[in-house]
Every structure is written in C-alpha cells, then in structure tokens.
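Written below as structure tokens is the structure these notes are about.
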Amino acid sequence: MTMQDPISDLLTRIRNAQMAGHDSVAIPNSKIKRGILKVLEDEGFIQGFTATDEVKSQLHVDLKYHNGVPVIEEIDRISRPGLRIYKESAELPEVRGGLGVAIISTDKGVMTDKKARSAGIGGEVLCTVF
C-alpha cells in the first residue's frame, strides 16, 4: 500500500510515540521530513534525529520530555494533498500568539513562520506545533 501523505504520517508517528511514552521513533526518510525535523530540533521540540545508511533509509527521532510530559502539546497538519494552503509573508499564521510555531515550506527551504516573515517570503503552511 502506498502512503498518500508522508508529512501527516510523520506527524502522526511523533504524536503516537509521545502518547505511548517512547524515547524515539523511526520514520521513513525524505528530504521534506528532514527539513521539518530540523525545524523541530532548532525550536527545541525534539532532542534530535539521525538518518540510517540503508537501502530503505530511516530517520530515528529522539523525542523530548519535560518532567515526564511531552514537549509537543499539539502538532497539526494544515496543508494537505487535497487542499494546499499557501500564504504570503504578511498572512502567515501566528500559533498561540507566538508561543507555537508554524512550519512553512518556501523556495528557500523549510523554516518557521517567524523566519519566513522576517525574510519577507511566503509559502505552503505545512503544520503548526505548540
């Protein structure tokens, strides 16, 4: 069976692993997933991630907890294959008054809404994290 939305799969695997209390989770590797995980790591939502050098390469994501509670309280997919959401830099969403992060796919790469807004570029709103 083929995967229709690999980004939703990434977010769901992270959400489910944290609800189950796992320390890490394995995810199929892709360039866009590495970009999203890099943003999550830079913003402090995950401890880190590594890629394996196998035929079917995987990403191993080390999840982050604070006093036994997952750091990621909420992670939601915004743009999806059936309904793509594109915004200009002035229209990029602010998540919970700036406490959360919207992850944006731009022509300059995957970045946070704050970086995209300061660079004056818009793009596809992939997901929000709080």
Side-chain angles (χ1 to χ4, degrees):
M1 185 166 94
T2 61
M3 190 181 317
Q4 298 298 320
D5 188 4
I7 296 173
S8 287
D9 179 63
L10 163 78
L11 303 178
T12 300
R13 286 180 190 229
I14 290 173
R15 189 181 311 114
N16 289 345
Q18 285 195 325
M19 285 175 33
H22 295 294
D23 292 331
S24 66
V25 62
I27 298 166
N29 193 357
S30 75
K31 185 177 178 181
I32 189 75
K33 290 177 188 179
R34 286 192 307 270
I36 292 170
L37 291 174
K38 181 68 177 144
V39 169
L40 290 175
E41 181 181 24
D42 292 344
E43 293 296 316
F45 288 108
I46 61 173
Q47 287 183 354
F49 67 96
T50 57
T52 62
D53 294 332
E54 300 170 1
V55 174
K56 286 192 171 186
S57 182
Q58 297 237 329
L59 295 168
H60 292 282
V61 182
D62 297 319
L63 303 173
K64 192 172 187 179
Y65 296 90
H66 180 71
N67 294 332
V69 178
V71 172
I72 298 174
E73 288 184 22
E74 188 176 300
I75 187 165
D76 295 319
R77 180 81 157 112
I78 303 299
S79 184
R80 51 191 174 87
L83 181 63
R84 300 286 185 186
I85 306 293
Y86 297 95
K87 299 286 184 180
E88 294 180 9
S89 63
E91 300 172 346
L92 291 174
E94 268 193 33
V95 181
R96 304 244 178 138
L99 295 176
V101 172
I103 299 178
I104 314 295
S105 177
T106 69
D107 56 348
K108 306 288 184 196
V110 179
M111 61 182 71
T112 65
D113 58 320
K114 295 169 192 144
K115 288 182 183 175
R117 211 176 284 113
S118 67
I121 53 177
E124 182 181 357
V125 183
L126 298 176
C127 62
T128 58
V129 185
F130 177 73

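Index from 1, following the sequence.
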Return all side-chain donor-acceptor pairs below 3.5 angstrom for residues 19-32, not counting sequence neighbours, or 'none' if the list is empty.
residue	atom	partner	partner atom	Å
N29	OD1	R34	NH1	2.7
N29	ND2	S57	OG	3.0
S30	OG	K33	N	3.3

| request: Answer whether the closest heavy-atom distance between the side chains of K38 and I36 falls below 4.5 Å. | output: no
| said: Check whether R117 reaches the backbone of A90 with its side chain - one donor and one acceptor, N or O, closer than 3.5 Å. | reply: no
| What distance separates K64 NZ from I46 CD1, expressed to the nearest 0.5 Å? | 9.5 Å
| said: Any side-chain to backbone donor/acceptor pair from S8 onto D5? Under 3.5 Å, distance only. | reply: no
| said: Let me confirm one number: the CG-CG distance from L59 to L10, rounded to the nearest 0.5 Å. | reply: 8.0 Å
| query | Do the side chains of I72 and Q18 get nearer than 4.5 Å, heavy atoms only? | reply | yes
| query | Looking at S89 and G120, what are the two nearest heavy atoms and their distance? | reply | CB-C, 3.6 Å
| K115, NZ: over 12 other non-hydrogen atoms inside 6.0 angstrom | no
| Identified side chain to side chain contact (heavy atoms under 4.5 Å, CB included) partner of R77 from the options I85, T128, L11 | L11
| note | Rounded to the nearest 0.5 angstrom, the CD1-CZ distance for I75 and F130 is 13.0 Å
| field | Heavy-atom side-chain contact between L126 and I78 under 4.5 Å | value | no
| said: Applying a strict under-4.5 Å side-chain criterion to I, L, V, M, F, W and Y, I'd like to know whether I14 and V125 cluster together. | reply: no
| Cluster check V129, M111: I/L/V/M/F/W/Y, side chain < 4.5 angstrom | no
| Can a salt bridge be assigned to the pair K87 and E124 using a cut-off of 4.0 Å between side-chain N and carboxylate O? | no
Contacts table for residues 98-108: side-chain donor-acceptor under 3.5 angstrom, sequence neighbours left out:
residue	atom	partner	partner atom	Å
T106	OG1	K108	N	3.1
T106	OG1	G109	N	3.3
T106	OG1	G109	O	2.7

| query | Within a strict 4.5 Å, meaning less than it, do heavy atoms of the H60 and F49 side chains meet? | reply | no
| said: So does Y86 get a backbone contact from the side chain of R84, meaning a donor-acceptor N/O pair under 3.5 Å? | reply: no
